[in-house]
Amino acid sequence: MSEALEEPPNGGGILYVVATPIGNLEDMTFRAVRILREVDIIAAEDTRHSRKLCAHFGISTPLTSCFAHNEAHKGEHLVQRLCAGANVALISDAGTPAISDPGAVLVRQSVDAGIAVVPIPGASAVIAALCAAGLPTDMFTFVGFVPAKKNQRAAFLQRWGALDHTLIAYEAPHRLEACLEDVCTLLGEKRELVVARELTKVHEELYRGSARAALEHFGSRRAKGERIKGEIVLLLGAQPPQEVEESVGETVGRLLLNTDLSLRRISKEVAQIHPVSASEAYALAMKMRQEMK
Ligand code: SAM
């Protein structure tokens, strides 16, 4: 194992993509600490936040900000420094940079400039949640954040809820119940799921159960005055085979009754689930809507 920074292959510096803890500081790796100490500059999502992390681990490397809204511009400047031979470490506020966090733009710019990009792996909420969830791990789809708006969330659940393997998403605590309600309505109350909350922290919780049971669990805690706080990863089990057997008409009817989706959107969703074209689904949805009036 190398004890110092690797020799750059082309005279340029190296961009290290460094994971930091998602809560528990003991999850910082020895290698991450060494790299952060040895690079010339650390590009951080929030320098004030990362300064505390650096102070904790005795890292005195200069920090510069690299966040979602300045990443493209800042990236060009950092690539110039990399090309001139500087070594740069990229970190985000928590977890692995570029995973629902800034970083992908700088990595792309560096790759395009022929700069070596080296991952320094460590914590990431998506993998921490998956490995302990108890759902199948052989195949999974990670879809980032669940959309905040109700009709976008409905379209999102329709699109991703029909997978035959584990689905993983990030969700905000104040939208958890609304999201669970939509899972019950759109994907079925029996859908198996896991709510992984506050991973690696003092109030870590992994709730495992059906969508209905989860809704009741978190709803009753709220009713008792508890505010569900913290950071959440939501994992859905694969769509059970019997739900696939819903007829075209049943799917159209369920979407018409339970969502605010437009006919066009419904027909697209139906065409993704069933072997019908979107125009056939549209015609059926229009007919059924007229009959419901
Ligand atoms: N790049 C990070 C990673 O690799 O985990 C994710 C950053 S994303 C902006 C932040 C979201 O990740 C949170 O809103 C939450 O959904 C999830 N998350 C981060 N830390 C978590 C934790 N300790 N427990 C559960 N979810 C967490």
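Values below: all heavy atoms of this structure, side chains included; hydrogens, waters and symmetry mates excluded. All ligand and atom numbering here is 1-based and tracks the order in the structure. Throughout, numbering of the chain's residues begins at 1 and tracks the sequence.
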ask   = Tell me: protein heavy atom nearest atom 15 (C) of ligand 1, and distance?
value = Ile232 O, 3.5 Å
request  = Report, in ascending order of atom number, the atoms of ligand 1 lying under 4.0 Å from any heavy atom of Val233.
outcome  = 25 (C), 26 (N)
task = Only one of Gln158, Glu269, His274 passes side-chain hydrogen bond (donor to acceptor under 3.5 Å, both in side chains) with Thr251; say which it is.
result = His274
note = of all protein heavy atoms, closest to atom 20 (N) of ligand 1 is Glu231 OE1, 3.3 Å
message = For the CZ atom on Arg221, are there more than 12 heavy atoms of other groups (residues, nucleotides or ligands in this structure) within a distance under 6.0 Å?
response = yes
inquiry  = Suppose we measure from atom 4 (O) of ligand 1 to each protein heavy atom; which comes out shortest, and what is that distance?
reply    = Ser124 OG, 2.7 Å
key: Residues Glu250, Arg254: salt bridge by 4.0 Å N-O rule   = no
request  = Classify the contact between Glu198 and ligand 1 as side chain, backbone, both or neither, using a heavy-atom distance cut-off of under 4.0 Å.
outcome  = backbone
Protein heavy-atom partner closest to atom 2 (C) of ligand 1 - residue, atom, separation in Å = Ala94 O, 3.3 Å
request  = Enumerate the atoms of ligand 1 whose separation from the nearest heavy atom of Phe145 is less than 4.0 angstrom.
outcome  = 8 (S), 9 (C), 10 (C), 11 (C), 14 (O)
ask   = What is the minimum heavy-atom distance between Ile22 and Ala125, and which atoms define it?
value = CD1-CA, 3.9 Å
ask   = Taking only heavy atoms of Ala196, which atoms of ligand 1 are found under 4.0 Å from at least one of them?
value = 25 (C)
key: Proximity of Pro97 to ligand 1 by residue part, where a heavy atom lies under 4.0 Å   = neither
task = Starting from atom 18 (N) of ligand 1, locate the nearest protein heavy atom and write down its residue, its atom name and how far away it is, to 0.1 Å.
result = Ala125 CB, 3.4 Å
task = Within a distance under 4.0 Å of any heavy atom of Gly95, pick out the atoms of ligand 1 and give their elements.
result = 3 (C), 4 (O)
request  = Check each of Asp93, Asp101, Leu199, Thr96 against atom 7 (C) of ligand 1 and report the one with the nearest heavy atom.
outcome  = Asp101
